[in-house]
A.B. asks: 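Take a look at the following structure, please.
Small disclaimer: the values here were computed from a predicted structure and weren't measured.
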Amino acid sequence: DGQILRLTEFMYQKYDLKRVYYSSYAPVVRDPLLPDTGAGLLREHRLYQADWLLRYYDFSAWELLTEEEPNFDPYLDPKCTWAVRHPEFFPVEINTAPKAALLRIPGIGPKSALRILSARRQQHLGMAELKRMGVVLKRAQYFITCNGRAAAHGTRQEIAAALLDPK
């Protein structure tokens, strides 16, 4: 996954591409000599998620995947995985953080980040305001503070488990 993502980043930079497409291997006929394709679609999905982070969230391929961990987590999306692996970046104070820091928070996308930047000119934001703006608090709550107060705490393992929990 890391090699594919680094090549993608290189092509975006060198050739000024607008979009890269991925496709998982799907054999025409089933044969025990051909590779197993069970995780192919999930891998393809993770590559598209990471591609989105490269294009719209200013992540680099080396941030998302490293030599020590060259493949995507099959359970967590790339942005959540990055956030869980980098606790030193968090928590981020919603009322003072720059746009680049807001975009690193799971549950906050480009539209929500712009809404936050605009709304906090008039008021201090709390969890209720964030929810109305479209922030996915189920993910964001572990990585943010509002006026110095955190909505949720936990260790890396507890946060990862909570992000996986469908409830």
Side-chain angles (χ1 to χ4, degrees), residues 1-26 35-117 130 133-146 150-165:
D1 293 341
Q3 188 177 10
I4 293 169
L5 200 61
R6 285 188 293 280
L7 178 61
T8 298
E9 183 177 47
F10 171 77
M11 291 185 345
Y12 279 136
Q13 292 170 353
K14 179 155 175 91
Y15 301 111
D16 199 30
L17 297 180
K18 300 296 179 211
R19 181 81 191 267
V20 172
Y21 292 90
Y22 308 93
S23 181
S24 62
Y25 171 73
D36 180 32
T37 60
L41 290 177
L42 177 61
R43 254 183 99 203
E44 180 182 321
H45 182 63
R46 293 288 183 242
L47 284 167
Y48 275 113
Q49 288 174 321
D51 182 87
W52 196 262
L53 294 176
L54 292 177
R55 290 188 294 141
Y56 299 109
Y57 291 77
D58 294 326
F59 277 87
S60 72
W62 287 105
E63 288 178 286
L64 297 172
L65 295 171
T66 63
E67 293 293 329
E68 297 81 35
E69 296 187 40
N71 294 312
F72 291 116
D73 186 323
Y75 304 108
L76 284 178
D77 67 82
K79 192 175 182 184
C80 285
T81 302
W82 180 87
V84 170
R85 288 180 184 164
H86 293 88
E88 71 278 1
F89 188 80
F90 300 103
V92 173
E93 173 56 48
I94 289 295
N95 289 296
T96 59
K99 182 181 177 187
L102 292 173
L103 288 174
R104 298 286 170 132
I105 302 167
I108 296 180
K111 287 182 183 178
S112 297
L114 291 175
R115 288 179 187 144
I116 290 168
L117 292 172
L130 293 176
M133 289 179 195
V135 172
V136 181
L137 287 178
K138 179 187 183 295
R139 292 175 181 214
Q141 67 183 339
Y142 301 102
F143 307 103
I144 62 172
T145 58
C146 294
H153 300 283
T155 65
R156 286 176 64 172
Q157 291 80 14
E158 291 169 342
I159 293 171
L163 291 170
L164 290 171
D165 186 12

A.B. asks: Look at the side chain of R104 and the backbone N and O of D58, then say whether any donor-acceptor pair between them is shorter than 3.5 Å.
C.D. replies: yes
A.B. asks: Got a sec: does the CZ of F89 have more than 12 other heavy atoms crowding it under 6.0 Å?
C.D. replies: yes
A.B. asks: Please identify each residue that fulfils side chain to side chain contact (heavy atoms under 4.5 Å, CB included) with D77, with sequence neighbours left out.
C.D. replies: R46, Q49, K79, C80, R139
A.B. asks: Taking distance alone, no hydrogens or angles, what donor-acceptor pairs closer than 3.5 Å link side-chain atoms of residues 107-117 to residues at least two apart or in another chain?
C.D. replies:
from, atom 1, to, atom 2, distance (Å)
R115, NH1, M133, O, 2.7

A.B. asks: Output every pair passing side-chain hydrogen bond (donor to acceptor under 3.5 Å, both in side chains) with a member in residues 91-101, not counting sequence neighbours, ordered by first then second residue.
C.D. replies: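 Non-adjacent pairs meeting side-chain hydrogen bond (donor to acceptor under 3.5 Å, both in side chains): E93-N95, E93-T145, N95-N147.
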A.B. asks: Taking only distance into account, with no hydrogens and no angle test, what donor-acceptor pairs under 3.5 Å do side-chain atoms of residues 151-161 form with protein atoms, sequence neighbours excluded?
C.D. replies:
from, atom 1, to, atom 2, distance (Å)
T155, OG1, E158, N, 3.2
R156, NE, V84, O, 3.2
E158, OE1, T155, N, 2.9

A.B. asks: Is the backbone of T81 close enough, under 3.5 Å, to the side chain of D73 for a donor and an acceptor to pair up by distance?
C.D. replies: no
A.B. asks: Are side-chain heavy atoms of W62 and E67 found at a separation under 4.5 Å?
C.D. replies: yes
A.B. asks: To the nearest 0.5 Å, what is the distance between CG on L137 and CD1 on I144?
C.D. replies: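 So the gap between those two atoms works out to 6.0 Å.
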A.B. asks: Side-chain atoms of residues 7-14: list all donor-acceptor pairs with protein atoms under 3.5 Å, sequence neighbours left out, distances to 0.1 Å.
C.D. replies:
from, atom 1, to, atom 2, distance (Å)
T8, OG1, I4, O, 2.9
T8, OG1, Y22, OH, 3.1
E9, OE1, A61, N, 3.4
E9, OE2, A61, N, 3.2
Y12, OH, V20, N, 3.1
Y12, OH, D51, OD1, 2.6
Y12, OH, D51, OD2, 3.1
Y12, OH, R55, NE, 3.4

A.B. asks: Among residues at least two apart in sequence or on other chains, which ones pass ring-ring contact (aromatic ring centres under 6.0 Å, His included) with H86?
C.D. replies: W82
A.B. asks: Between E68 and R85, is the closest basic N to carboxylate O distance under 4.0 Å?
C.D. replies: no
A.B. asks: Does Y56 reach the side chain of L103, with side-chain heavy atoms less than 4.5 Å apart?
C.D. replies: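 Not in contact.
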